[in-house]
Amino acid sequence: MVAMGRLGYHYRLYELMRRLLPAALVAALVGISSPAAAHPSPFSYVDVRLEGSELRVAVVAHVYDVAHDLGIEPIERLLDPSVLHGYDDKIRQLVNDRLALTADGSAVTVGAWSAPEPLSERQSVRLEGRATLERPAGAIAVTTVMFPYDPQHQTFINVYEAEALTSQAILDKSRTRFEYFAGTRQGTLAVVRRFVPAGVHHILIGPDHLLFLVGLLLLGGSIRQLIAVVTAFTIAHSITLSLAALSIVTPPVRVIEPAIALSIIYVGADNLMVHGGLIHGFGFANVLREMDLPSRALGWSLFSFNIGVEIGQVVVVMAVASALAALRSRSEAAGRRLAFAGSIVVIAAGTYWFIQRVFFPGGMA
């Protein structure tokens, strides 16, 4: 009986060991491999400080990422100042190759990078650089993919003016560029230079908006009447553009795009409607959202974009109205036939866009 008891005891002990041994082995393997396999804090940091005509930049990067790209093992060696300084030039070159700065559209060369210093508490290294600009910048752009080997890596951008944190952004593989407009006169001018051409560009490449304008002009009229039509369109879309860009009214794109198509159908049939501009303003707002409006210069960016849109509209109105007036002066009948045929084209195009945007929003094969 004693032998049987001992046999049962050893069997239970064997079973316990058999069940625990695989888990113990896994835990041991994980414990051995985790320092090399784990990727702590896949972040880097870039601080940009605007101080008049001087630009100061500080970069903080995790030793894991730096060691990976420089082939250094073990990674903790980079926290030893005597080892780190042996890689000063390589780390400076790595940052220079992957961090691009522009001031008012011109490339900025950051010189006099400091020797990288270890930040043991953050498991990181830090270095600073300076650049002297010809004049205080109105717009600063930061472009970086700091560690492309890691698709999850993010770079946090902090911008300071007069020692105050004024803007932040996160860059990653899907967004590699951030543009900042200074809160100065130069910054305001930079916003105007950026968004006026953008407004002109977007009115000229938008076939639905252009066709709507052409439809309004087909029946012709006096200069006063044409000015009244364009002014009404301008006021209407400016109001809705501002409301939507400020997120006061944000109708969904799936509603706005078909509504724009309906307004084109209506103007083709009526040739007198001017209220459709309300809808078109929401369409422009969707474009503005994609342009990542600067929050600190929202008012100026909206104003500048509107000015650009109106410049584009005036160009279109002058060209189309002049051509139609020239045709009517030579043959009134030809002018009427063109207005009729043009209205049919406008209705057909509007119908096509409406069907496409309601039933085939992903595009028609």
Those residues that, when tested against Arg98, pass side chain to side chain donor-acceptor pair (under 3.5 Å) (two or more places apart)
Asp69
Going by the rule side-chain contact (heavy atoms from CB on, under 4.5 Å), which residues pair with Arg336 if we only count those two or more places apart in sequence or in a different chain?
Glu332, Ala333
With Ala348 via side-chain contact (heavy atoms from CB on, under 4.5 Å) - residues at least two apart:
none
Testing the basics here: between Glu179 and Ala139, what is the closest heavy-atom pair and its distance to 0.1 Å?
OE2-CB, 4.0 Å
Residue pair Val320 / Leu213, side-chain heavy-atom distance below 4.5 Å:
no
Looking at every heavy atom in both Ala349 and Leu211, which two are closest together, and how far apart are they?
CB-CD2, 3.3 Å
Give the cluster check for Leu70 versus Val59: same hydrophobic cluster or not, with ILVMFWY residues linked at side-chain heavy-atom distances below 4.5 Å.
yes
Enter the distance from Leu55:CG to Thr109:OG1 here, rounded to the nearest 0.5 Å.
11.5 Å
Determine the minimum heavy-atom distance between Ala67 and Ile75, stating which atoms define it.
CB-CG2, 3.4 Å
Distance in Å, Leu302 CG paired with Ile307 CD1, rounded so as to fall on 0.5 Å steps
11.5 Å
Using modelled atom types only, decide if a donor and an acceptor are shared between the side chain of Thr155 and the backbone of Ser44 within a distance under 3.5 Å.
no
Please test Phe181 against Arg194 for side chain to side chain contact (heavy atoms under 4.5 Å, CB included), starting from the C-alpha separation and ending with a verdict.
CA-CA 10 Å; Phe181 294 94; Arg194 161 82 184 280; 3.9 Å; yes
I want to check something: taking the side chain as every heavy atom from C-beta on, are Ile91 and Leu84 in contact at a cut-off of under 4.5 Å?
yes
Heavy-atom side-chain proximity of Arg357 to Asp208 below 4.5 angstrom
yes
With heavy-atom distances below 4.5 Å as the criterion, would you say the side chains of Val159 and Ile140 are in contact?
no
When you compare the side chain of Tyr180 with that of Leu50, does any pair of heavy atoms fall below 4.5 Å?
yes
Could you tell me if the side chain of Arg193 sits less than 4.5 Å from the side chain of Leu189, heavy atoms only?
yes
Transitively linked via ILVMFWY side-chain contacts under 4.5 Å: Val358 with Ile355?
yes
Answer yes or no: is there a donor N or O on one side and an acceptor on the other, between the side chain of Glu161 and the main chain of Gly183, under 3.5 Å?
yes
Whether the side chain of Ser329 engages the backbone of Ala326 through a donor-acceptor N/O pair (distance < 3.5 Å, no angle test) should be reported.
yes
Under the side-chain contact (heavy atoms from CB on, under 4.5 Å) rule, collect the residues that match up with Pro74, sequence neighbours excluded.
Glu76, Arg77
Minimal non-hydrogen separation, Ala190 against Gly138, with atom names
CB-C, 3.8 Å
Report the relative orientation of the aromatic rings in Tyr149 and His68; use parallel for angles under 30°, tilted for 30 to 60°, perpendicular for over 60°.
parallel
Under the rule for salt bridge (charged side-chain N to carboxylate O under 4.0 Å, His left out), what residues qualify as partners of Asp89, not counting sequence neighbours?
Arg92
Could you tell me whether the side chain of Met146 reaches within less than 4.5 Å of the side chain of Asp65, counting heavy atoms only?
no
For Trp353, is the CH2 atom crowded, meaning more than 12 foreign heavy atoms sit under 6.0 Å from it?
yes
Using salt bridge (charged side-chain N to carboxylate O under 4.0 Å, His left out) as the criterion, list what pairs up with Glu128, not counting sequence neighbours.
Arg126
Roughly how far apart are Ile170 CD1 and Phe178 CZ, rounded to 0.5 Å?
11.0 Å
Joint hydrophobic cluster, Leu327 plus Val214, side-chain heavy atoms closer than 4.5 Å
yes
Drop me the distance from Gln313's CD to Ile311's CD1, to the nearest 0.5 angstrom.
11.0 Å
Taking only residues at least two apart or on different chains, which pairs with a member in residues 81-118 satisfy ring pair (Phe, Tyr, Trp, His ring centres under 6.0 Å)?
none
Taking salt bridge (charged side-chain N to carboxylate O under 4.0 Å, His left out) as the test, write out the residues that go with Arg56, two or more places apart.
Glu51
Distance in Å, Leu119 CG paired with Ser124 OG, rounded so as to fall on 0.5 Å steps:
6.0 Å
Which side-chain hydrogen bond (donor to acceptor under 3.5 Å, both in side chains) pairs, counting each pair once, include a residue from residues 130-139, with sequence neighbours left out?
Glu54-Arg130
Could you pull out all residues at least two apart from Asp104 that satisfy salt bridge (charged side-chain N to carboxylate O under 4.0 Å, His left out)?
none
When rounded to the nearest 0.5 angstrom, what distance separates CG in Asp47 from CD in Gln168?
9.5 Å
Partner residues of Leu204 under the side-chain contact (heavy atoms from CB on, under 4.5 Å) criterion, sequence neighbours left out:
Val200, Val316
Test item: Val309 and His202 side chains (from C-beta on) under 4.5 Å apart, heavy atoms
no
Intermediate values then yes/no, side chain to side chain contact (heavy atoms under 4.5 Å, CB included), Thr176 and Leu171:
CA-CA 5 Å; Thr176 61; Leu171 301 184; 5.8 Å; no
For Ala61 and Val66, which heavy atoms make the closest approach, and how far apart are they?
CB-CG2, 3.8 Å
Scan for ring pair (Phe, Tyr, Trp, His ring centres under 6.0 Å) pairs involving residues 154-177, sequence neighbours excluded, and state none if there are none.
Phe43-Phe156, Tyr45-Phe156
When you look at Val57 and Val108, which way does the side chain to side chain contact (heavy atoms under 4.5 Å, CB included) test go after all the steps?
CA-CA 11 Å; Val57 184; Val108 173; over 6 Å; no
Count I, L, V, M, F, W, Y as connected when their side-chain heavy atoms are under 4.5 Å apart, and connections chain through other members. Are Val48 and Leu133 then in the same cluster?
yes
Leu78 reachable from Leu127 in the ILVMFWY side-chain graph, under 4.5 Å edges
yes
